[in-house]
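Counting convention: from 1, in listed order, for ligands and their atoms alike. What's counted below: heavy atoms across the whole structure, side chains too, no hydrogens, waters or symmetry copies. Quick caveat: nothing in here was measured; it's all calculated off a predicted structure. Nothing fancy with the numbering, it's 1 onward along the sequence.
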Amino acid sequence: MRIGILTGGGDCPGLNAVIRAVVRKGVGVYGHSIVGIRHGWRGLMDGDVVELDREEVRGILPRGGTILGSSRTNPFTATGGVEAVQSTIEAERIDAVIAIGGEDTLGVAHQFGAAGVRMIGVPKTIDNDLSETEVTFGFDTAVQTATDAIDRLHTTAESHDRVMVVEVMGRHAGWIALHSGLAGGANVILIPEWPFDIAEVCERLRHRSRRGETASIVVVAEGAVPLEGSMTLKSGAVDEFGHVQLGGVGTMVTEEIKARTGFDARVTILGHVLRGGTPTAFDRVLATRFGIAAIDAVHDGAADVMVALQCGEIVRVPIGDAVGTLKTVDPALYDLATVFFG
Ligand code: F6P
């Protein structure tokens, strides 16, 4: 069999571990050919492909990013995109495609699946907001990176009696903010699922100050929204999946804290730092398990399924079940975190 593999959407630590696992088992055990598709769906539209063998994946396990490159190209919104993808699949004699991505990339995979292309999905996103899998690879690395940053911000906050606001990624779901905030001992955590009251945030900080705790950490997800207001946008630009560019809520919260309380405050925006660098051991193992499960699924003749982690086991679920509804933060977990607020 000739099997295509692509990485789409925002990159994520662990992508290379999936590619390596697919190649090592696909070529080494099953004797299939693996065709790397460059820059996500764009490569399939442009015929930009490369043969992958053991040599091409040597040494990539600990490397962040993706050796294939990624893009947010959507063939279903690009003129002639669907036909271009189909003609590349035909010209390259590709029997099945392994698509590694989040909601957007897998949504496209599902549409091609319905059109008769054999698609296998692998869930990826640092945001951890994909349904049907308990966790996506990349999330653990992002949480660890954010936690390290929060640990460092504690000490400088204490030296200067400051409020340090930390903005992390998380467009629709506050998983990174919640986990890193819990792990890092944050005093307030703001997430997209619960609109925040800035007056209440300030009151918590004042309360701490009255107790002599003049240094505080506020973790805010980029998609967090004030009770009366809307998402803070970096620009009006919209990508091919209709997403606006977020960013700036941390700055807004910081300015409000300064103005309302008179406390000295600073903002740190972690942004893409969370997506870069070497994956944690947990993410390397999970990505490897997903890669092996994906090539097994292709070999078994499965179609339109995504590999997923459920109760510690790798299972196959219909791609259609995983896309469409995002996995948001469990209210009970957020409630638990509020014990440590203020
Ligand atoms: O990968 C998902 C994500 O990390 C979101 O949290 C964030 O809003 C988005 O990517 C940023 O994407 P880009 O790199 O295209 O600006």
So which heavy atom in the protein is nearest [atom], and how far is it from that ligand atom?
atom                    : answer
atom 4 (O) of ligand 1  : Met169 SD, 2.8 Å
atom 8 (O) of ligand 1  : Glu222 OE2, 2.6 Å
atom 10 (O) of ligand 1 : Arg275 NH1, 2.9 Å
atom 2 (C) of ligand 1  : Asp127 OD2, 3.4 Å

For ligand 1, which atoms sit closer than 4.0 Å to a heavy atom of [X]?
X      : result
Arg171 : 6 (O), 8 (O)
His272 : 13 (P), 14 (O), 16 (O)
Gly170 : 6 (O)

Might you point out which heavy atoms bring His154 and Ile217 nearest each other, and give the distance in Å?
CE1-CG1, 3.5 Å

Correct closest heavy-atom pair for Thr88 and Leu44 would be OG1-O, 2.6 Å

Would you check the N or O atoms of Arg72, main chain and side chain alike, for any that come under 3.5 Å of an N or O of ligand 1?
yes

Residues [X], [Y]: salt bridge by 4.0 Å N-O rule:
X      : Y      : result
Glu51  : Arg2   : yes
Lys327 : Asp129 : no
Lys25  : Asp296 : yes
Glu255 : Arg260 : no

Taking the six-membered ring for Trp and the single ring otherwise, decide whether the centroids of Phe112 and Phe76 are under 6.0 Å apart.
yes

Is there a heavy atom in Gly9 that sits closer than 4.0 Å to ligand 1?
no

